[in-house]
Every structure is written in structure tokens, then in C-alpha cells.
Chemist: 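Dumping the structure here so I can ask a few things about it.
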Number of protein chains: 2
Amino acid sequence: MDQKKGLKIQVLLVEDDANLCMVLQDYLEFMAYNVIVAHDGEAGLARFDEHEVHLCILDVMLPRMDGFALAAAIRDRNKQIPIIFLTAKSLKEDRLKGFAQGCDDYITKPFSTEELNLRIKAIMRRCNRNMFQEEINEQKIFVMGNYRLDTQNLTLTIAGSTSNLTKKEATLLRLLYLHKNTVLARDFVQKTIWGETDYFVSRSMDVFITRLRKYLKEDSSVNIVNVHGVGFMLEVPKPAGE
Amino acid sequence: MDQKKGLKIQVLLVEDDANLCMVLQDYLEFMAYNVIVAHDGEAGLARFDEHEVHLCILDVMLPRMDGFALAAAIRDRNKQIPIIFLTAKSLKEDRLKGFAQGCDDYITKPFSTEELNLRIKAIMRRCNRNMFQEEINEQKIFVMGNYRLDTQNLTLTIAGSTSNLTKKEATLLRLLYLHKNTVLARDFVQKTIWGETDYFVSRSMDVFITRLRKYLKEDSSVNIVNVHGVGFMLEVPKPAGE
DNA sequence: AAATCCTGTTAACGATACGTTAAAGTTCGT
DNA sequence: ACGAACTTTAACGTATCGTTAACAGGATTT
């Protein structure tokens, strides 16, 4: 139920100072993050286990398991999740440096919310590609006629029945869809998907077209038509406003 | 000991002396606990499996499985549940000391009910945060089909029978669960859990998938399916409201 | 209409991804 | 330092996918 709330980023905030915690939570939620809070290390770990967390913000000084121990336990479960440490100025930087890994960062109290926000933006930029690859990137579901193409799960669904596509089939169909109702040159498709154009690639492509046509024959309004000597076009009825 | 109304603490009492057992049960119920009784070790373990137990009071001298063996079996299922041993004065304390863990305590017969009550109060205070915070809080238990995954105790339970997972097995299964019914890229899983992606990590992951599948074969509605060249998906039936 | 090129379709092959088991290596508690 | 528990590496079997081959029609040109 708390899972995919749209595509909000889920932040685990562990901070024992109730006031600071509340302020941060408010701010983060205002910035459109989903916030999960905990007030000590053990609870923080429990919350981490329960939720799909995308970013951790951990106070270093925590009861019942300090920030480093907590971070270690989290690292045990997820090697690439970004962690931001909140630390008092007094703390030796070496200790942090020694601990923090590639994806980590730290920020010394007191700090402004803008400062925090900048750090978050930065760390997410650095780590994102690995993390959200599939989640935030782009749209994954394409609607064509009565079909729904899911490029993440590689499925093509119509009226309850589902075909499982291969990666290449899905990629090709997606490419056709992105240029629906316009003719795609054979060469263009080949270069895009195969990276080269020769006789065999050309024939291979035809085989894939055949397979896609087989999948698509349940809805006669969706067609892959050939333009002799030029290429293919995915015919799709336009849904209202486009 | 602020337990919400309707959330009585469930005590498992295992004691073979029928008279003593009855007296203790009366007293505990008078003190507003829910009491589950058993008169030998094996029965005690069975009761433990059937009920949600919050505290165990075990006689050390028991037929069919002594208190220590029973405690070990219980520890196997729940690492943090508090246990109080009832022991005759004669028993060497070392033995108890050696056995009892952080959350455990013992009391030598004969003892007064007040004494017992104090011990219970104390042990619950000591252990409570671990126990109730999370138990009452929210699910730290993931339900998939007829299985229950407990990431704290590393157990996977179905219809009474329990598998003990390793940390890595549990972490992987949890990751799959957090993304249930969507395909997780192999790379993503490897980076998250192993921190790197190479040939051997990849093969190692396959080994873990095999093991998880073995655990999960009791419920045919829960499956780890492979999408060739992409990754894995945990198929789980959606429970009603989601 | 014949000749030639382009496309449609099916089946089979080889490469690669995955499944599984067991042995070797590692870690960890004692 | 030893043994138990766990993870990784190795080895081998199986399944799947993309390509190729082979053949069959159409389309276009002459």
C-alpha cells in the first residue's frame, strides 16, 4: 500500500531530536518526498526492512545503535543506496571519510534546508542511474489500439491474455510505436536496433516483423504495413486528442 | 507496561507439575496475561508454533524435551523473545548463565508470585522495545501467498512449517518482494545485494534463486519467474486491496 | 510476361542464458 | 585454532533466443 505511490522517492529519516526530526520531515514532504521516520537506530533498521527506501538520512548520534552501525547494517542489505549523514561539527571528518562510501555524503549541523536539498539532489544525481533505471526513467507502458505494451515486464496484453515478448521484440515494437503512423526506413530501424545494416540483419528484421504481426493480429486496427523498398509503419488508431 | 486494550500479552507457560502449573496460570491470568500452557517440551513447542507468544516461562526439568532444548528450539524461531526459566535451587547457575541470552532471566523455586511478577515486569521492560515497538507497530513481516517472511528472525513460514533462511537469502527475497510482480534486472539485483556485477556474482545469484525457489515450492501461487536476458520477477497473488 | 528484386514465413542451428548440484573456499563463533 | 554455517566457484545439463537458411509469393521493371 505504501509501495509505488506514483514515483515518489522514499526517504528514511533517522533522527532522535524530535523537533529537528519533525521540521525535516515537513520540509522533505514539502519537497515531494515520501518520508519514513525513526528515532533510534534499531527502529531505523526495522523501518528500512519494511519499506522500499531510496535514500537514507541518518543522524550519526543515535540511541540504541549509532548512525555508523545503522549504516553498516543498511549496507549489508543494499550496497548502493545513497546515505547522507547528519553530524555535529565537532566530529572528526576522518571518521566520516573513512566510513562513507562512493554513494555517501555528509552534512554538518547546523545546516539550512536548502543546503540539505542540494545535497540530496546531488547524491541522487550521482547514484541514480543504478537505482532507478527502471523506475523513474521513462514511461514503460504503451497503448496501441486494444493492446498494452509493457517494456519493463516485456508483455503485450489484450483483453486479459498476455504474450511474453523477448527483449528485442519489445524494443522493436516500442520503436515502431514511437514513430507510429509514419514510415520507418529499413536502414533506420536496423541501425537503431542492430547497430548495422547488411543483408542478414535485414532478413532478421523481417523475421521479427513477422513475429510481431502474429502477436498483433488480435486487433485489426493495429497493423504493421510494409512500404515497398522503404520500410515499415505501425498503423494505430489515434486516441482522441493527439 | 502500557499495552493497548485488547492486546494482552501472551505467555507460554511450560511446567510439568500440574499443581504448580495451575496456580501460576491462575495468577498470571489474574495479572491480565493470556496464558497458554503445556506440560512437556514437545507440547510447549507445538503451542509456541500455534500462537503468537510474547513471553515464555519454561521449567528447566521437563519430560520429552528439557527446558533448554525447548528454549533452543524457540530461539530458532524467534531470536528476541524473552524467556524466563524456572529452576530448582540445586541447578548450577553456570549452566543457566551459559545458556541464557540477553533477553532471558531465571528464577529459582520456590518463588513467590510477587517475585515472578517482578521478573516479568523487568524482563518485559528490558526487551520490550524490540518486541512491541515492532510487533505492534506495523508489519515487519511480509506476506506472500501463504508464506510469511520475517526478515528479523530470518524465517519463512507456511502452514506451521518454518524454513530458516540465511541473511542473504532473506535479503534477496525481500528485494524481490518489494518489487513483486515486476521484473528486476539482473544487474540491479546484483548491484544492490552484492555491490558489483561480474560473471561469478551472476552465477552466485542464480544459486540463490534456486534455493529460494526450493523454499517457495509449497505454494504454487508464489513463483520466481525468469525473463530471459533481463532478470527475475516474484509472482505473488495480490491480496484484495491493492 | 519474364526477369529481378523485395518481402513473408517457417524451421533448424548454434550461441548464450539459466538451472542445478556439488565441491571448494570463506567467515564466524567458540 | 577448530568446526559449523554460509557463500562462491566449478561443472554440466537444459532452455531460449537471434540468426541463418530455404522456400514462397508479391512487386517492380523491362
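Chain letters run A, B, ... following the sequence lines, proteins first, then strands; residues in each count from 1. Not measured: the values here are computed from a predicted model. Atoms considered below: every heavy atom in the structure, side chains included; atoms not considered: hydrogens, waters and symmetry mates.
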Chemist: Is the side chain of B:S204 donor-acceptor paired with the backbone N or O of B:F200 at a distance under 3.5 Å, no angle test?
Modeler: no
Chemist: Give B:R203 one of three labels, base, sugar-phosphate or nothing, depending on what nucleic acid heavy atoms sit under 4.0 Å from its own.
Modeler: base
Chemist: For B:N146, give me all partners under side chain to side chain contact (heavy atoms under 4.5 Å, CB included), at least two apart in sequence or on another chain.
Modeler: B:I158, B:D219
Chemist: Taking for each residue the nucleotide of DNA chain C bearing the nearest heavy atom, is the 5' side occupied by B:G229 or by B:K214?
Modeler: B:G229
Chemist: Could you tell me from which nucleotide to which nucleotide of DNA chain D, 5' to 3', there is an atom under 4.0 Å from chain A heavy atoms?
Modeler: D:dC17 to D:dT28
Chemist: Nearest heavy atom decides the nucleotide; on that basis, is B:Y199 or A:W194 closer to the 5' end of DNA chain D?
Modeler: B:Y199
Chemist: A:E235: what forms a salt bridge (charged side-chain N to carboxylate O under 4.0 Å, His left out) with it, not counting sequence neighbours?
Modeler: none
Chemist: Looking for any heavy atom pair under 4.0 Å, which part of the strands does A:R186 touch: base, sugar-phosphate only, or nothing?
Modeler: sugar-phosphate
Chemist: So where does chain B start and stop touching DNA chain C, 5' to 3', when the test is distance under 4.0 Å to a non-hydrogen atom?
Modeler: C:dA17 to C:dT21
Chemist: Quick one: label A:N226 by what it contacts on the DNA or RNA (base, sugar-phosphate, nothing), any heavy atom closer than 4.0 Å.
Modeler: sugar-phosphate
Chemist: What's B:T166 touching, base or sugar-phosphate or nothing? Going by heavy atoms closer than 4.0 Å.
Modeler: sugar-phosphate
Chemist: Note the angle between the end axes of the helix from C:dA1-D:dT30 to C:dT30-D:dA1, five pairs defining each, rounded to 10 degrees.
Modeler: 40°
Chemist: Taking everything shown except B:R148 itself, do over 12 heavy atoms lie less than 6.0 Å from its CZ?
Modeler: no
Chemist: Under the salt bridge (charged side-chain N to carboxylate O under 4.0 Å, His left out) test, which residues partner A:R213, sequence neighbours left out?
Modeler: none
